[in-house]
Trainee: 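To start, I am sharing the structure in question, which I have written as structure tokens.
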Amino acid sequence: MTTLFVNTSQVVTCRGPARARRGAELRECEVLPRAAVAVRDGQVLDVGEETALRARYPSPSHEVDCGGRVLAPGLVDSHTHGIFGKPRYEEHELRATGVSYMEIASRGGGIHGSVRDLRARSEDELFELALPRLRRLAAHGTTTVELKSGYGLSTDAELKSLRVIRRLAQALPLRIVATFLGAHEVPLEYRAAPRTREEYIGLITEEMIPRVAADRLATFADIFCEPGVYTPAEARRILGAARAHGLGLKLHADELEGGGAAELAAELGATSADHLAAVSDAGVRALAASTTVATLLPGTMLFLGRQKQAPARALIDAGAAVALASDFNPGTSPTVNFPLVLTLAVSQLRLSVAEAVLAATVNGAAALGLADTTGQLAPGFAADMALFDMDDVRELPYWYGDHRCVASWVAGIACHRSDGFGSFRGSAAHMRSNE
Ligand code: NIG
Ligand code: FE
């Protein structure tokens, strides 16, 4: 069964090595005008000029008319906190009056507010809340999404969050990767006698991580390594335990103030170091010399109203592998719109469109250990694709805040389809049956 995706204005292939692109490699993003894509068994079989492809596959079982639009690899959002209960719009307004993010947290709000709320909710309730949020994320072109726990901060509530992620992965066509973030904060009940933060760290390393690993509930472990939250020494211990149990490593590194977390990520060979708005020059050099993907989240700094963004140009020019992600969460980045993150990447991080697109596809996949599976439209890669209503890929970051994704597919199966996209020729039954 071969499906041909035809009548595009462009196919953005992102074709190249199946690993993170770094430095100058990020300038080269292949875009083929009026090309077509052949898909078989959920994988890309062939990509090329439409007439040539039609000649190679003269009688495909299905044909999808892309309506003269841009077909691209589905976006890979490698950093979200998508499992939460209530939104936190009060804090948004509070920050506008001058109360900082860390100040809100020190008053028991921020992450702590989400923790109180999540602990009180059932697994079913959290699942029902996450479903429409993830559908909105998918509607903007995301086909792979990483989801973190981290609003539980107790063994039960962390495992509950991770079970919700597992159920979402079974319920949705999205490609979903789970990350354990028990070290998102030190919970309030471990900050005063008789309990200590030391005990909480012990709980993470001795109880949570072994159980997460035994039940195969997460691929990665993450930590908020930041002055006022976890120190690099604590991160070393917690991530050491995670590694010993077979989990990949991620860090919220140098997000607001900075303190050597990027250097630690590079030293540990973490899969990614995320945020980096306050990374030092030494941290930039360390990341550039490492295999750790530097994941930038410009939506967070925008939403927090901070002037400072991560030094994206310095990172790329030093040779680092830069990825982009949404950081979708109720406190610092409540956006499901990944193309908007690409806008910020161009307008505020000074990336070229090629750099931004590769950072949101190939390098997002690398930040999840999936660079050989998804992120590019090349033979052998998963047919994870997004169709954008535009003539040229440069419009993707240009129409900022707009909603241009009309359809997406994960492993060739329809994931999202907007009302305006009904032009599946000869394939309607196939597409319907897979929804
Ligand atoms: O990536 N910095 C830590 N975690 C999130 C925010 C979580 C929250 O405020 O709820 C972030 O910015
Ligand atoms: Fe985050």
Side-chain angles (χ1 to χ4, degrees), residues 14 16 19-29 75-80 146 225-226 250-263 265-266 270-328 332-333 335 337-368 371 375 393-394 396-398 400:
C14 298
R19 54 160 175 78
R21 312 285 165 78
R22 48 179 63 247
E25 288 176 336
L26 280 163
R27 284 192 223 129
E28 308 298 330
C29 178
L75 304 176
V76 180
D77 194 347
S78 64
H79 182 138
T80 85
E146 184 252 20
C225 183
E226 179 85 14
K250 288 179 168 289
L251 288 89
H252 278 67
D254 302 332
E255 175 175 352
L256 303 166
E257 267 189 61
E263 291 89 324
T271 305
S272 72
D274 302 30
H275 281 291
L276 304 171
V279 68
S280 67
D281 292 346
V284 170
R285 285 194 297 274
L287 288 172
S290 76
T291 56
T292 301
V293 176
T295 300
L296 309 185
L297 309 149
T300 305
M301 292 299 130
L302 174 91
F303 191 73
L304 286 176
R306 294 173 76 102
Q307 306 305 320
K308 207 162 165 217
Q309 287 282 4
R313 278 264 55 95
L315 281 159
I316 294 179
D317 297 344
V322 164
L324 289 166
S326 72
D327 198 20
F328 173 57
T332 65
S333 186
T335 186
N337 187 338
F338 202 158
L340 177 60
V341 174
L342 273 76
T343 302
L344 298 175
V346 175
S347 296
Q348 304 213 310
L349 302 183
R350 312 260 170 222
L351 265 56
S352 68
V353 175
E355 288 169 333
V357 168
L358 288 168
T361 54
V362 175
N363 284 8
L368 296 176
V393 65
R394 285 168 291 186
L396 188 56
Y398 173 78
Y400 82 102

Trainee: For His79 and His252, take the angle between the two ring planes, folded into 0 to 90°, and tell me which bin it lands in: parallel under 30, tilted 30 to 60, perpendicular over 60.
Mentor: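 Aromatic pair His79/His252 classed perpendicular.
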Trainee: Using a 3.5 Å distance criterion without hydrogens, assess whether the side chain of Glu355 forms a donor-acceptor pair with backbone atoms of Arg27.
Mentor: no
Trainee: Do Asn363 and Arg21 make a side-chain contact, defined as non-hydrogen atoms from C-beta onward lying under 4.5 Å apart?
Mentor: yes
Trainee: When you compare the side chain of Leu324 with that of Leu349, does any pair of heavy atoms fall below 4.5 Å?
Mentor: yes
Trainee: So, do Phe303 and Thr335 sit near enough that their side-chain heavy atoms are less than 4.5 Å apart?
Mentor: no
Trainee: Is any side-chain heavy atom of Leu297 closer than 4.5 Å to one of Ser333?
Mentor: no
Trainee: Identify, with sequence neighbours excluded, every residue that meets side-chain contact (heavy atoms from CB on, under 4.5 Å) alongside Ala366.
Mentor: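 Testing Ala366 for side-chain contact (heavy atoms from CB on, under 4.5 Å), a comparison that skips the adjacent residues, returns Ala20, Val293, Ala371.
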Trainee: Any non-hydrogen side-chain atom of Arg313 less than 4.5 Å from a side-chain atom of Ile316?
Mentor: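 Arg313 vs Ile316: side chains touch.
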Trainee: Surrounding CZ of Arg19 (heavy atoms of other residues, nucleotides or ligands, distance under 6.0 Å), is the total greater than 12?
Mentor: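 Counting neighbours around CZ of Arg19, more than 12 heavy atoms of other residues, nucleotides or ligands fall under 6.0 Å, so yes.
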Trainee: Would you check if Pro311 and Val284 make a side-chain contact, meaning some heavy-atom pair closer than 4.5 Å?
Mentor: yes
Trainee: Within the structure provided, determine whether Asp327 and Thr332 are in side-chain contact (heavy-atom separation under 4.5 Å).
Mentor: yes
Trainee: Under 3.5 Å, is there a donor-acceptor pair linking the side chains of Lys250 and Ser272?
Mentor: yes
Trainee: What are the two closest non-hydrogen atoms of Thr343 and Leu396, and how far apart are they?
Mentor: OG1-O, 4.5 Å
Trainee: Could you check whether any side-chain heavy atom of Glu255 comes within less than 4.5 Å of a side-chain heavy atom of Thr300, counting everything from C-beta outward?
Mentor: yes
Trainee: Looking at Ala261, is its backbone amide N or carbonyl O close enough to the side chain of Asp254 to form a donor-acceptor pair, meaning the two atoms are under 3.5 Å apart?
Mentor: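 Checking the backbone N and O of Ala261 against the side chain of Asp254, a donor-acceptor pair under 3.5 Å is found.
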